[in-house]
Structures are given as C-alpha cells and as structure tokens.
Protein chains: 2
Amino acid sequence: MASGKYAKEMDALKEHLAKHHLKFTRQRELILNAFLRQEHITAEAMYHQLAKTDPHLGLATIYRTLNLFCDAGIAQARHFGSQTQYDNVSHKGHHDHLICTGCGKIVEFENCEIEKLQEEVAARNGFSIQTHRLELYGLCTRCRN
Amino acid sequence: MASGKYAKEMDALKEHLAKHHLKFTRQRELILNAFLRQEHITAEAMYHQLAKTDPHLGLATIYRTLNLFCDAGIAQARHFGSQTQYDNVSHKGHHDHLICTGCGKIVEFENCEIEKLQEEVAARNGFSIQTHRLELYGLCTRCRN
DNA sequence: TTGAAATTGATAAGCCCTCTCAAAATTCTA
DNA sequence: TAGAATTTTGAGAGGGCTTATCAATTTCAA
Ligand SMILES: [Mn+2]
Ligand SMILES: [Mn+2]
Ligand SMILES: [Zn+2]
Ligand SMILES: [Zn+2]
C-alpha cells in the first residue's frame, strides 16, 4: 500500500504492473507523479517539463509510459489536432470540450444527459461504448464581438 | 448555373472559388464528381480509385482538393485512427458516428435530443456553435463475440 | 490573345509516434 | 545476497500520413 499524495493511483499502477509481469521503475514513478498533477497533457509537453529536472529521460519512455497508464486505466488518450492528449482520469471525471475557433479557448464541460443518450444510441445499434469524443466548435463571447 | 447530377455542389464549389480568386480546373471537377458518389472516403482511397482512369493525378492534389472542399462546406474532415476521413456533407444531412474499434465498421446516426443539449451547453458557456463532432467508439455486436 | 496568378505533380520534408537494440535496472531464485 | 532471468531504458532509426517546395502547366480576366 503506497503512501503519499497519489497513493491510490500509485497502487492502481502497481497492481496493473504485477498482473502483467511488468516492473516498477524510477521512470514510471516519476512520470506518474508528474502526470497526476495535470488535467491533460501531451507526451511532448511532459517531455520538456521533466527535462528540467531529468534531462536524460527519453521521449520514447514518456510515450510508452503514458500508453501504459492508459492500459492501467489511469489515463485516457484523446486525439486533438495532430497530437494525442493524455487525460488524467482521476483528476476530474470524464469531460468534453467547447473550443473557440476564434481564439482557441477551451472550456471543459460534462453533461450526464448527453452521456446517457449516447449510451442509448449505442445500445440501439448493438454497440458497447469504450470511449467517445464530443467537441463543440464555435465562437466564445469575446470573439463574437 | 451548372447542370448534371451534382449541379448544386458544383455551383457551391464555383461560388467558393470565385469568392477566393481560385480557379476551376479539370482536376477539381473530376475529384468533386468522384467524391460526391461517396459517403466518406480517405485521400489515399480516392487516389487509388481515380488512378484507374487518371493515372497522373497526384496524391497531393487529392489532399489539397479535399481540404478545399472542406473550406467550401462540401466536405468535412474527420480523424479516424491514423487517417483523415472526408465526409460528404450533402449526401446525407448532418450526422455523427459510431465506430467499431474491432473491425472499423462505421454506423451513422442522428439524435436531435443530443444536438439540442449541445446547444444548451454552448449557450450556458457563452458559445455559439459553428460545428461539432461526436464520435462513439466501441465494439459492434460481431466483434464482442 | 496575352500575361499575371493560380494549380499541378513529383518528391522532399515534417510531424508524431513506434520500433530497434545494446546497456542498464529490476525482480526472481537459490 | 549473489547470480540469473526478464524487463526497461534511451538514443536514434524508421514509418505512416499529410503538407511544403518548385518548375512546368493551366486558367482566366483584361
Ligand atoms: Mn462525454
Ligand atoms: Mn451531431
Ligand atoms: Zn474566442
Ligand atoms: Zn466490429
């Protein structure tokens, strides 16, 4: 049983590692602690952020580790533009995005009713949903004026 | 005023071209006619399809032209996996997608209730929606067995 | 018809991400 | 705890998809 600020996620990671005969490394611990401070981040951004204190951490390791977090249910990958954003599942529950096409501002929201209707649509078509993506593009108040 | 099966879209394209000082070329006409026969297609697939009758049509031209169609409101780009799908907007009204992560099967759907809730979310946050994207990823009946 | 401006096709370049592989770290075994 | 087995790491190569480059060609307004 891990202690510290992110004990719950650290345990979740260790459980996943044990189950799949993977090892608990300095890098994985390091990246997890950095990741859990974020709401969502790209591998590239995390690479630069960690480079300040750990200049030898490889980019491939960041990618591998973030994908590992997805397997472990700690992160969730989301394609945005040309890059992959890794969402922190624990920090906040699932959420979707409002994106201003004028200034790039992003507002996060959650709407249970929409989520429920999505499930209904899927069920009606014989699908079981794993993930989804809902992005609303438009102009924010400021950009409309 | 164009005539022929796709007169409406041909006119929409010509209007967009005129407004932006762009030119009406053999390739653009060719690609538009091929595109409008599809519900959605990738640049690569269209390249191979057109190569049968026009072996000298360049892949870059296909990409440029499909992106032009997006600007003109005739097509809509949608990232799926590692590729971009270009959706035919006119073929069917607006719709969203259910996508099987197992076999790649795509089911189109529309749901007015979801659309209405999206508007509400946007309004509550001061946004006016221009477009949106809703994709549900999961397993179809067959892939679940 | 003419010439400025846009387009084309071939291919190089770019971006994001994954693969490769030898060295290092971790975990298991005795 | 030493040694062996297994996994991971970091650096860079490789790969898939898309866009940029540029000289030759085409379009189209005057
Ligand atoms: Mn959602
Ligand atoms: Mn919709
Ligand atoms: Zn804005
Ligand atoms: Zn399927």
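Side-chain atoms are counted along with the backbone in the values below, which use heavy atoms only and exclude waters and symmetry mates. In what follows, chains are A, B, ... by sequence order, proteins preceding strands, each numbered from 1.
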Just how far, in rounded Å, is [atom2] of [N] from [atom1] of [X]?
| X | N | atom1 | atom2 | value |
| --- | --- | --- | --- | --- |
| A:Ile62 | D:dG12 | CD1 | C1' | 16 Å |
| B:Phe80 | D:dC17 | CZ | P | 13 Å |
| B:Leu59 | C:dT11 | CG | C1' | 11 Å |
| A:His21 | C:dA25 | NE2 | C1' | 19 Å |
| A:Leu17 | D:dT7 | CG | P | 13 Å |
| A:Gln83 | C:dC17 | CD | C1' | 11 Å |
| B:Leu30 | D:dT26 | CG | P | 15 Å |
| B:His79 | D:dT18 | NE2 | P | 8 Å |

Just call it for [X]: base, sugar-phosphate, or nothing, with non-hydrogen atoms closer than 4.0 Å on any strand.
| X | result |
| --- | --- |
| A:Leu22 | sugar-phosphate |
| B:Asp54 | nothing |
| B:Arg28 | sugar-phosphate |
| B:Gln27 | sugar-phosphate |

Inset, instruction - Tell me which of B:Phe24 and B:Glu44 sits closer to the 5' end of DNA chain D, going by the nucleotide each one is nearest to. - result: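 Looking at DNA chain D, the more 5' nearest nucleotide goes with B:Glu44.
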Inset, instruction - With DNA chain D as reference, determine whether B:Tyr86 or B:Arg26 sits nearer its 5' end, using the nearest nucleotide of each. - result: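 Comparing both residues, the 5'-ward one is B:Tyr86.
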Legend entry - Whether over 12 other heavy atoms sit under 6.0 Å from A:Gln130 CD: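 Count over threshold, so yes.
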Legend entry - Over 12 non-hydrogen atoms of neighbours within 6.0 angstrom of CD in A:Glu113: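 No - once you tally the heavy atoms of other residues, nucleotides and ligands closer than 6.0 Å, there are 12 at most.
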OP1 or OP2 of [N] under 4.0 Å from side-chain N/O of [X]:
| X | N | value |
| --- | --- | --- |
| A:Ser82 | C:dC15 | no |
| B:Thr61 | C:dT7 | no |
| B:Tyr63 | D:dT19 | no |
| B:Thr25 | C:dA6 | no |
| A:Asn67 | C:dC17 | no |

Inset, instruction - Classify the angle between the aromatic ring planes of A:His95 and A:His40 as parallel (below 30°), tilted (30 to 60°) or perpendicular (above 60°). - result: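 Aromatic pair A:His95/A:His40 classed tilted.
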Legend entry - Salt-bridge present (A:Arg133, B:Asp96; N to O < 4.0 Å):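 Here A:Arg133 does not pair with B:Asp96 in a salt bridge, since their nearest N and O are not under 4.0 Å apart.
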Inset, instruction - State plainly whether the residues A:Lys19 and A:Asp71 are in salt-bridge range, i.e. N to O under 4.0 Å. - result: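 No.
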Legend entry - 5' priority, DNA chain C, between B:His56 and B:His20 [closest heavy atom]: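 By nearest-heavy-atom nucleotide position, the 5'-most residue is B:His20.
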Legend entry - Base of C:dA5 paired with side chain of B:Lys23 (donor-acceptor, under 3.5 Å):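 A donor-acceptor contact between them is present.
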Legend entry - side chain to side chain contact (heavy atoms under 4.5 Å, CB included), paired with B:Ile114, selected from A:Glu120, A:Gln118, A:Glu115: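 By the side chain to side chain contact (heavy atoms under 4.5 Å, CB included) criterion, B:Ile114 pairs with just one of A:Glu120, A:Gln118, A:Glu115: A:Gln118.
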